[in-house]
Amino acid sequence: MAEYNPQAVEAKWRDTWDSLGVFNADADPSRPKYYLLEMLPYPSGTLHMGHMRNYTIGDAVARYRRMRGFNVLHPIGWDAFGLPAENAAIKRGTPPRDWTNANIAQMKSVCRRFGFSYDWRREISTCEPEYYRWNQWFFLRMLERGLAYRKRSLVNWCPKCQTVLANEQVVDGCCWQHDDTPVEAKEIEQWFLRITQYADALLDDMVELEGGWPERVLVMQRNWIGKSRGTRVRFPAEGARDSKVQIEVFTTRVDTIFGAAAVILSPAHALLQTLFAGQPNHAKLEEEAARLRARIIRGADLATAEKEGFFTGRFATNPFSGQKVPIWVGNFVLAEYGTGAVMAVPAHDQRDFEFAQKYKIAFPVVIQPVESSPLRVPLKADEMKEAFTDYGRLVNSGAYSGLTSEAAIEKMTADAQTQGIGEAETTYRLKDWGISRQRYWGTPIPVIYCVQCGIVPVPDKELPVRLPENVLLTGQGQSPLANVPAFVNVKCPKCGAPGRRETDTMDTFIDSSWYFFRYTDPHNDRAPFDSALVRYWFPIDQYIGGIEHAILHLIYSRFFCKVMRDLGLVEIREPVRRLFSQGMVLKDSAKMSKSKGNVVGAIDMAEKYGCDTARMYTLFAAPPEKDLEWSEQGIEGCARFLHRVFRLIDRYAQLLRDISPRDSRPTKISAASEKEKILLRKAHQTLRRVTADFEARWHFNTSVALIMELVNTLQDREPLDKHARPEVLKQVLELLTVMLTPIAPHLAEELWEMLGHKESLHAEEWPQYSAELAQEEQVEVVIQINGRVRGRICVDVGLPEEELAERAFADPKIEQLLRGARVVKRVVIPDKLVNVVVAQ
RNA sequence: GCCGGAGUGGCGGAAUGGCAGACGCGGCGGACUCAAAAUCCGUUGGCCGCAAGGCCGUGAAGGUUCGACUCCUUUCUCCGGCACCA
């Protein structure tokens, strides 16, 4: 009797697969392709079971698809640039490249150990010049097309660190390393990508993704883009030195404009100086504005922060009513959205209402609820407790009084256009993508600043602009590259005059925005990829990753794809056909993390139970989209199961080894014994349902459960070969082995060999279930009276309705219960149930 | 506040209009053993009952239906996202 030794079995098949290169895939137009991808991992070092879930799901699907005859592209690589490497360098003095490569080596060995079926020839690492030169190449293409540009913008600045912080490094408004130091808003010059130019395309092309992407991801992206149609209206300002000063406001509710009680500007509004100029207290006003500017806060605090503001001393004219309204500054008006100024309509906007209450600004009601509204009385401004923000009917609005809000918005916008006081406008919440990082460990931005020529792109033939090694990293001050003279000082490629290189590096989201194209042609040194290869492999058939990337990565990637399409590199609009978001792995109801001390190490599991067991438990413990609570006892159950399967097959291996494949094909059911029927039926039913799970439902937990049921059926006091012919037994055990392949691939290979096969299982075709063998002969039909189960009968499958009803009524117990009752109705569902409805 | 998602035994979960609790974990009982581990067998939602059997039960309340975990309405709780976006 052989003993199942997972580690030995796993090492054996890992080596076999490696030496045969069985997971390498090459473009082959004669075969259907399947591009399966898990999101590019960041090489943070050790891998725990939380990381492994993603790959385990992907690998199960990859192996299944391969057996279905698809040419499966299943690559992996490393998101190798980024802050943690730089911070490790600052802390421990290890160069970022060494730290990163050591982590990659470690993670790679874990992935290999788990037997994930990657085509390792296609492995990429984004910190290698062979990769990031194409980041630079794409940047230059965007620069040529005006999609990359420079502008001053606000950043998070930590005065202690003397550096810019990423949004994620701001915790509760303070620096992550100095929790007593509030982050300041500082304006510096940065590079931006004009993603807003693609806002409509990003929105409209989502129809291609519907059905294939989780609805919530699409909703999140729609909200993020935040398209909003409204009207831009100009309010001429009075009294300012420049008499032509106009304040533009953006509103989605132009129908309420007769109710405007003020115009409110953002503290960062460009016109403030102009408005303050010439007023006796202008210094005081400047100071106030500066105070509000400095306290610009982001995130959740914003929504709860007290509304604050002050009167500028100037007035503007409402172009619709001709009324004079005061111009205010308010801390709740966002500089970056719309025009940075709003008209305040306290009666019909809650924020404006609160602002007016606080500063005692009087206002009229200009929208009354329609007759059907639950708000009965006509609204009166001095009695209102909150703003009335619904659509209604206009009052006190001159010629527009009496119109509905809908009609008024349309007419007033059109009138604004003809009178030259405004126009229809669409705004977006989406902003251009700031990609400059004052950091070392990233892709250098390929631009030179020349005193003569200004901004000069690095010529293509000089790419890549290499990141210098051995750079001193302190975490203090400006971009580390600025301190490397050999890097900074260059001749202008245009005129030869002395120039300076750009010393900022790119956001690492650039790296992951197009990496999946590179996988199709990872070693190309003339172009980012060969378009013909992309044409064959794209779109990605299945992308798997965490929900945390629902917005950033998945919008940036879509944006890059659209730019590439405009560059003529690809033909598709969308890179990813189907997206799957797996749930988290929890331990003690918390996400695994070193600081919480609740990590379950991948290698530990492989050593203790074997990675097949770890993979199986990962698939079994919960459906893949839900969070999974890791349980030591749970994984032990899976280990027990795999040992049981091994013993089961080992018991009959000798007997079955020499049965030829021909003999183990589906057997005629009529010739089968009762025991054989039970085995064949269960095996083919399992195959049918497991296949459905892999094809459509993606509920691998039920697949595992079904396979366990099959094994339970095979487990018997009596030896199976007593009542079943070896060829039947062999067929059933082979089906079991094949179904285990995506879940526990090493063990499956071993069992396959034990059953007498010389060829590796990976080349085996996923079998088709036999409907004839799966068919039950008899079914239990439930008999209900008034919807309550009162009896069961066994009948032949497919018994016609009438006969089934007769059988039900003939049942002695039912007959007795129905005696004297008046049957009102009967519902007969063949093979399922009979429900008799009787009058009470 | 707005937009999603979820709520089922002691636990993870199954059942998408037709027998609620598949499968696994844990528990209980037993076999094997000098003993233990491993393995195997049985049992395991609650209540009533010697039993046959009955009643209750999918967060709560209503509704649709012959029949609802499943569909609809209201509501509670938890999780996630967005949040002064004009």
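A note on names: the letters A, B, ... follow the listed sequences, proteins ahead of strands, and every chain is numbered from 1.
A/Arg644 comes within contact range of the sugar-phosphate backbone alone, with a heavy-atom separation under 4.0 Å but no base atom that close. In this structure, A/Glu354 reaches neither bases nor backbone, as no heavy-atom distance under 4.0 Å exists between it and the strands shown. Counting non-hydrogen atoms under 4.0 angstrom, A/Gly338 reaches nothing in the nucleic acid. Within 4.0 Å of A/Val333, counting heavy atoms only, lies at least one base atom of the nucleic acid. Within the 4.0 angstrom heavy-atom criterion, base atoms lie near A/Gln784. Within 4.0 Å of A/Thr251, counting heavy atoms only, lie sugar-phosphate atoms of the nucleic acid but no base atom. Looking at heavy-atom distances under 4.0 Å, A/Gln633 makes contact with sugar-phosphate atoms alone, never a base. Residue A/Arg232 is classed as having no contact, given no heavy-atom separation below 4.0 Å to the nucleic acid. Base engagement by A/Arg429 is indicated by at least one non-hydrogen atom pair under 4.0 Å involving a base atom.
Remark: B/A68 base-pairs with no nucleotide in the shown strands. Criterion, Watson-Crick or G-U wobble with two distances under 3.5 Å. Across all strands shown, B/A6 pairs with B/U77; the Watson-Crick or G-U wobble distances both stay below 3.5 Å. Across every strand in view, B/A14 sits unpaired, with no contact that passes the Watson-Crick or G-U test at under 3.5 angstrom. Of all nucleotides present, only B/G1 satisfies the Watson-Crick or G-U wobble test against B/C82, with each distance under 3.5 Å. Base-pair partner of B/C28: B/G42 (Watson-Crick or G-U wobble, both distances under 3.5 Å).
The C1' atoms of B/C19 and B/G80 are separated by 36 Å, rounded to the nearest whole Å. B/A68 and B/A20: their C1' atoms are spaced 11 Å apart (whole Å). Distance check on atom P: B/A52 versus B/U43 gives 14 Å, rounded to whole Å. Rounded to whole Å, the separation between the P atoms of B/G9 and B/G46 comes to 12 Å. If you take atom P in B/G21 and the same atom in B/G59, they sit 16 Å apart, rounded to whole Å. Rounded to whole Å, the separation between the P atoms of B/A31 and B/G17 comes to 47 Å. Rounded to a whole angstrom, the distance from the C1' atom of B/G10 to that of B/G27 is 8 Å. Comparing B/G62 with B/C23, their C1' atoms sit 35 Å apart, to the nearest whole Å.
In this structure, CD of A/Glu548 is placed 22 Å from P of B/G4, rounded to the nearest angstrom. Spacing between atom CG of A/Leu628 and atom C1' of B/C11 amounts to 13 Å, rounded to whole angstrom units. The distance between atom CD1 of A/Ile785 and atom P of B/C19, rounded to the nearest whole Å, is 17 Å. In this structure, A/Ile555 places its CD1 atom 16 Å from P of B/G81, rounding to the nearest Å. Taking atom OH of A/Tyr617 as the reference point, atom P of B/C23 lies 18 Å away to the nearest angstrom. The distance from atom CZ of A/Phe620 to atom P of B/A22 is 12 Å, rounded to the nearest whole Å. With rounding to whole Å, A/Arg647 atom CZ is found 6 Å from B/U39 atom P. Atom C1' of nucleotide B/C25 and atom CE of A/Met616 are separated by 13 Å, given to the nearest angstrom.
Listed by residue number, A/Asn701, A/Thr702, A/Ala705, A/Met708, A/Glu709, A/Asn712 are the residues of residues 700-714 of chain A with a heavy-atom contact under 4.0 Å to RNA chain B. Within residues 796-803 of chain A, no residue approaches RNA chain B, by heavy-atom distance under 4.0 Å.
Considering only side-chain N and O atoms, A/Arg640 lies nowhere under 4.0 angstrom from the phosphate OP1 or OP2 of B/G24. A sub-4.0 Å separation between OP1 or OP2 of B/C85 and a side-chain N or O of A/Arg351 is present. Under 4.0 angstrom from either OP1 or OP2 of B/C3 there lies no side-chain N or O belonging to A/Arg222. In this model, the phosphate group of B/U39 is not approached by any side-chain N or O of A/Arg651 to a distance below 4.0 Å at OP1 or OP2. OP1 and OP2 of B/C84 both lie 4.0 Å or more from every side-chain N or O belonging to A/Lys307.
Of all nucleotides listed (B/G13, B/A86, B/G12), B/A86 comes nearest to the side chain of A/Asp349. Of the candidate nucleotides B/C56, B/G12, B/G81, B/G81 has the atom lying nearest to any side-chain atom of A/Met220.
Applying the ring pair (Phe, Tyr, Trp, His ring centres under 6.0 Å) rule to A/Phe192 yields the partners A/Tyr149; only residues at least two apart in sequence or on another chain are considered. Residues passing the ring pair (Phe, Tyr, Trp, His ring centres under 6.0 Å) test with A/Tyr198, sequence neighbours excluded: A/Phe559. Here A/Glu210 pairs with A/Arg222 under the side-chain hydrogen bond (donor to acceptor under 3.5 Å, both in side chains) rule; sequence neighbours left out. By the salt bridge (Lys or Arg N to Asp or Glu O under 4.0 Å) test, A/Arg681 pairs with A/Glu776, A/Glu777, sequence neighbours left out.
No more than 12 heavy atoms of other residues, nucleotides or ligands sit less than 6.0 Å from atom CD of A/Glu410. Within 6.0 Å of CZ in A/Arg253 there are more than 12 heavy atoms belonging to other residues, nucleotides or ligands.
Between A/Phe355 and A/Trp328, the distance separating the two ring centers is shorter than 6.0 angstrom. Aromatic ring centroids of A/Tyr4 and A/His643 lie under 6.0 Å apart.
Taking the side chain as every heavy atom from C-beta outward, A/Leu736 and A/Leu648 approach each other to under 4.5 Å.
Between A/Ala622 and A/Val837, the residue anchored nearer the 5' end of RNA chain B, judged by the nucleotide with its closest heavy atom, is A/Ala622. Taking the nucleotide of RNA chain B with the nearest heavy atom to each of A/Thr339 and A/Arg689, the more 5' of the two is matched to A/Arg689.
Between A/Trp433 and A/Tyr556, the angle of the ring planes stays under 30°, which puts this pair in the parallel group of the 30/60° scheme.
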